[in-house]
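Heads up, the thing below is written out as C-alpha cells.
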Protein chains: 2
Amino acid sequence: MGSTQLDQQTSEPKYWHLKTVLTEALDTEFSVGQALPNERELAARFGVARATLRQALDQLELEGRLQRRRGVGTTVAPPRVGVDVSPRRHTWPGAPGDAWVTTDCAAAPPPTAVARMLDVHPDEPVEVVHRVLATHGQAVATEQLYVPAGVLTDSGPLPEAAGGVARGRRMLAWLQELRPDSQDRAVELGSAGAPEARRLDQLPGAPVLIVTTRYTAAGRTVAAAVATYRADTCRLTFGTQGTVSLSGS
Amino acid sequence: MGSTQLDQQTSEPKYWHLKTVLTEALDTEFSVGQALPNERELAARFGVARATLRQALDQLELEGRLQRRRGVGTTVAPPRVGVDVSPRRHTWPGAPGDAWVTTDCAAAPPPTAVARMLDVHPDEPVEVVHRVLATHGQAVATEQLYVPAGVLTDSGPLPEAAGGVARGRRMLAWLQELRPDSQDRAVELGSAGAPEARRLDQLPGAPVLIVTTRYTAAGRTVAAAVATYRADTCRLTFGTQGTVSLSGS
DNA sequence: AAGTGGTCTAGACCACCAA
DNA sequence: TGGTGGTCTAGACCACTTT
C-alpha cells in the first residue's frame, strides 16, 4: 500500500476512490488479521481529512472486509461465516459449540410488531425466551422467541414459576412437542439496539440482519422469533430444498 | 416534532439520542410520504451540527424509515415491501408487473467469487443474463445469472449469436428444461457498486442485500446467480416449507 | 436562481484499551 | 500514560432538482 496522494479528475467522490484503492491493497498486500496503519496516518498518507478516510473505512467495514475496535486498531477481517438458517432440523442440544444457547426466559409485553404477528394485545405479557448463537467463541446472533400465554394454557409445562434458563429450556422442549407445521421467515436490514449490541459485542447502531419467523401449528400462530445477526461477520445460508424453477420474462 | 434542544446527561452519543427522538416523532407526528424539514433547519432546531444530525438520519435511512433524495428533500418512507425469494415456483413470464424482467445477455468473464462457485477459470468467459425486478414501478433488485459455456455445449440453444434480451430469454427457457434439482442460497450485506446503483436508482455505496444462489442439476453446478436487493426498501421473505423444529440447548 | 442533500476539511475532545 | 477509534463542530463547496 505504497500509495501516496491520489489525483482526482472525475467527479467521483474521494472516499469512493479511496475505498477502491484500499480494497485492492487488502486483496494483494494484506492477510487476514493483519493490522492497518491508524486512521490519522492513513489519512495523511492519502492526503485527505480523517473524516473522509473514515467514510471509506466505514464502507469496507460494512462489507465485512475490516474489523475496527476502539482503543485497539483496525485489522483485516476474516471471511464471513455462513450461518444456516434453513427451516430444517439441524443442530441439537448436545451439539459441539455452534448452537443456540438459551440464556433467559421471562414474561414481558411484546414489541408492537410482534404483537401484531401473534395477534395479541401489545400490553399483554407473553413468554420471551432469550437465546444466543456463537461460532468460534464469538457471539454472532441473539434471538427473542415470543410465545403468547394463550398457547400455553392447555397442558402448559410451567408448574413452578422458575424464571431463567431452566424455564427457557422447558419452553423450547414443549414447543418441540407441539410440532409446528410451517413457518414464514423474513430477512431485512436493521441496526443494533443497545441490548443487542451489548450481547453481540458491538457498538449500538451497528448493522445487523434481522430475521423474523412466525411459527404455526394447526393453522394457528403459536410463536414468533426475532433474531439479530451481526451483518459484518455473517452470511445467512439456506440449504438445498426440492425442485425449483427459474422464472421471469 | 416541537422538540427544541436536547439536554445530554449520560455519555449516550448525541446522534443516538437524536435518532430516538426522531423515531418517536416519525411514529406519532408524521405520515408516509410527508416531507421533513431540511437538514440545516433540523440541525439548528436540535442545537447540533449538521454532520451530527446527518449521522442520525443515516441510521434512520438504513432502517428504512426515511428516504432522501438529493436536490429534493427527505421524506418518510413507506414500509418495506416483502419480496419472495423462496425456492419455489412462483411468478411466471406473463405475470402482472411484479416479476423479473430480462434486460440483457452477453458473454463475459465472471467475478472471481462466481468463478470459484462454478468451478471455472476466472478468465474464461461465461454467459451472463441480466435481469431486473420491479415492484410498484420501482426497481428493487438486479441480478446476474452466470452460466458456464461447458453446460451449454450439449444441445446448446444458441444458434445465432444474437446478443441481448432475446438471447437471455432463450437461456432462461433452456435452463428451465434442465430442471435444476436443488439450490444453495446465501444472504449477506453489501454496498451497491456503480452499475448496480444506477440500475436501482440509488447512490453508489448504498446498502444492499446480496443473494447468491447456486443451481445444481444431477449433482453438477449448472449456474450461479448474484442478486442485489435494495436494503432500504425491501424485506426478503421465505415462504412456508414443511415440518420444522426448534433446536438449541 | 434557489434550495436540497452529498462531500470535504481541519481541527477538537471523549471513551476505551494496553502497557 | 499514550495510542486507538468514536463523536462532534462550524464552516465550505459541489451535484442535483425544481421553479
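In what follows, every chain begins at residue 1, and chains take the letters A, B, ... in the order their sequences are listed. Owing to the predicted nature of the structure, the values given are computational and were not obtained by experimental measurement.
Looking at residues 58-77 of chain B, you'll see B/Arg70, B/Gly71, B/Val72 sit with a heavy atom under 4.0 Å from some atom of DNA chain D.
Here the C1' atom of nucleotide C/dG6 and the NZ atom of A/Lys14 are 14 Å apart, to the nearest Å. If you measure from atom CG of B/Leu53 to atom P of D/dT9, you get 10 Å, rounded to the nearest angstrom. Between A/Leu203 atom CG and D/dT4 atom P the separation is 18 Å, expressed in whole Å. What separates CG of A/Leu42 from C1' of D/dG6 is a distance of 16 Å, to the nearest Å. Between the C1' atom of C/dC14 and the CZ atom of A/Arg54 lies a distance of 13 Å, rounded to the nearest Å. Distance A/Gln202 CD to C/dC16 C1': 17 Å, rounded to the nearest Å. If you measure from atom NZ of B/Lys19 to atom C1' of D/dC8, you get 18 Å, rounded to the nearest angstrom. If you take CZ of A/Arg50 and P of C/dG11, they are 14 Å apart, rounded to a whole angstrom.
Regarding contacts with the backbone of D/dC8, every side-chain N or O of B/Tyr15 stays at 4.0 angstrom or more from both OP1 and OP2. OP1 or OP2 of C/dT9 has at least one side-chain nitrogen or oxygen of A/Thr52 nearer than 4.0 Å.
Under 3.5 Å, the side chain of A/Arg40 and the base of D/dG5 form at least one donor-acceptor pair of N or O atoms.
Across the interface with DNA chain D, nearest-nucleotide mapping of B/Gln55 and A/Asn38 shows A/Asn38 to be the residue nearer the 5′ end.
Here the rule is side chain to side chain contact (heavy atoms under 4.5 Å, CB included) with B/Thr103, and of B/Glu143, B/Arg131, B/His130 only B/His130 fits it.
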Compile the donor-acceptor pairs under 3.5 Å between side chains in residues 199-208 of chain B and protein atoms, sequence neighbours left out, one pair per line.
from: B/Arg199; atom 1: NH2; to: B/Gln144; atom 2: OE1; distance (Å): 3.4

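Note: B/Phe238 and A/Phe238 have parallel aromatic rings, judged against thresholds of 30 and 60 degrees for the angle between ring planes.
Side-chain contact annotation: B/Gln55 with B/Thr52, donor-acceptor N/O pair under 3.5 Å absent. Side chain to side chain, A/Thr228 and A/Glu196 fail the donor-acceptor criterion of an N or O pair below 3.5 Å.
No donor-acceptor pair under 3.5 Å is formed between the side chain of A/Thr233 and the backbone N or O of A/Arg80.
Listed by first then second residue, pairs satisfying salt bridge (charged side-chain N to carboxylate O under 4.0 Å, His left out) with a partner in residues 46-61 of chain A read A/Glu39-A/Arg50, A/Glu39-A/Arg54, A/Asp58-A/Arg68, A/Glu61-A/Arg68, not counting sequence neighbours.
Among the heavy atoms of the strands, none lies under 4.0 Å from A/Leu57.
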